[in-house]
Amino acid sequence: MTVLYDATELRRELHPLAELGLEVSHTADFVLEKLHALGIDAHRIADTNGVLGIIKGTEPGPVMMLRSDMDALPFKNPDGSTVAIHACGHDAHMAMLLAAASRLVGKIRRGTLKLLFQPAEETLEGAPLMIKKGVVDDVDIAIGAHIRPIQDLKPGTMCAGVMYNGFAFPRVTFKGKPAHGSRPHLGANAVDAAAAAIAAVNGIHMTPDVHWTIAPTQIQSDGPMNIIPSVCRVRFDVRAKSNPVINELLEKFKRAVTFAAESYGCEAEINIGTVGPAPDYDPELEKEISSCIEELGPGILAPNCGGGGEDFNFYKIYKPSMRTAYFGVGVGAAPGLHDRNLHFDDTFLPKGSEIFVKMALRHLG
Ligand SMILES: [Zn+2]
Ligand SMILES: [Zn+2]
């Protein structure tokens with residue numbers, strides 16, 4: 001007997017299971033149980049809580065991976081304790097993918113379908129870990145999806161490409177020389193260097209063709225108010241919608257910070273940290289997703305939208321020959337993603353699930 005999962009029901013079961021980062025073990029158990037109940041060959045990815053389901057066709061063909069994230073977000077309660085809440089809709093993504101899996105059993109004729117449930121999207125550790133475990137080495141096509149906030153998509157509509165930002169959060173430590181507060185000329189003030197660097201960074205110019213932003217977000221110096229500070233730490237938020245632009249932006253950032261610090265006799269220690277890639281989707285796949293959305297009925301296909309970052313884009317950076325796509329599902333999510341009061345109409349999830357099914361059948365059916 002064929003079991004067909006309902007994405008809406010599954011989402012309601014998954015919602016209270018919310019777990020954080022890599023520690024999504026109950027969620028992994030739930031997903032595994034649902035995949036095994038469908039008779040799908042599924043396992044935990046070695047020493048992780050990631051889950052991989054595999055459906056093989058009997059004829060040669062591509063390896064397609066459909067990917068869902070699994071993790072929730074931490075919020076502080078008034079009593080100081082931390083609670084995990086599915087405030088980014090990853091419960092919805094797992095539900096859509098499991099419902100799709102139940103409709104694909106017995107339908108894969110060519111190639112291989114991989115169903116990846118990935119932990120730790122929010123901490124950006126998940127995709128790099130899956131890559132380390134070899135999960136995407138043989139993948140030719142990878143498709144992901146995310147529910148969208150009401151500001152992006154009207155409930156019941158979908159877009160074929162979620163236009164995420166590439167991002168980095170560089171830390172800079174300015175180092176100068178301390179002095180008595182009344183004798184600033186005898187020292188090198190790290191706060192002066194930081195202020196000059198912030199002004200220099202805010203004066204960076206980049207192409208207006210691609211959306212990009214750069215902003216200081218944290219600043220902190222050490223010591224009492226009557227000593228010229230020798231250390232000042234500044235954090236920046238850097239984003240752009242294309243990888244070449246974010247790389248160029250970071251080069252200009254380093255130059256602006258280094259020379260601004262030098263002009264005050266200080267040194268700037270720059271730690272760029274992880275650079276989260278921007279999307280580099282395959283235009284053909286995006287067109288196919290558009291037509292799958294149109295097949296669902298008139299008025300459902302909406303223009304591409306987006307914001308924020310996604311660790312899914314690490315897969316393409318790791319394996320450039322892989323074709324990727326990532327669609328958005330409008331469910332009226334409000335007040336917005338990453339809000340502890342996030343709520344949305346999960347009765348639209350089966351529509352999102354259908355796109356996974358249609359794309360898998362186009363390539364592997
Ligand atoms: Zn998120
Ligand atoms: Zn998310």
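Given the structure is predicted, the values throughout are model-derived calculations rather than measurements. The chain is numbered in sequence order, starting from 1. Just follow the structure's listing: the first ligand is 1, and inside any ligand the first atom is 1.
Checking side-chain atoms of N49 against main-chain N and O of A28 turns up no donor-acceptor pair under 3.5 Å. When atom types are taken as modelled, the side chain of D69 and the backbone of Q118 share no donor-acceptor pair closer than 3.5 angstrom.
Taking the six-membered ring where the residue is Trp, the centroids of Y164 and F312 are separated by 6.0 Å or more.
One hydrophobic cluster holds both L364 and L38 under the rule that ILVMFWY side chains link at heavy-atom gaps under 4.5 Å.
In this structure, F75 and N341 have side chains that are not in contact, with every pair of non-hydrogen atoms separated by 4.5 Å or more. Between P184 and N189, the closest side-chain pair of non-hydrogen atoms is not below 4.5 Å.
Shown are the protein N/O/S atoms under 2.8 Å from the Zn ion (ligand 2), given by residue and atom: C88 SG, H90 NE2, H146 NE2.
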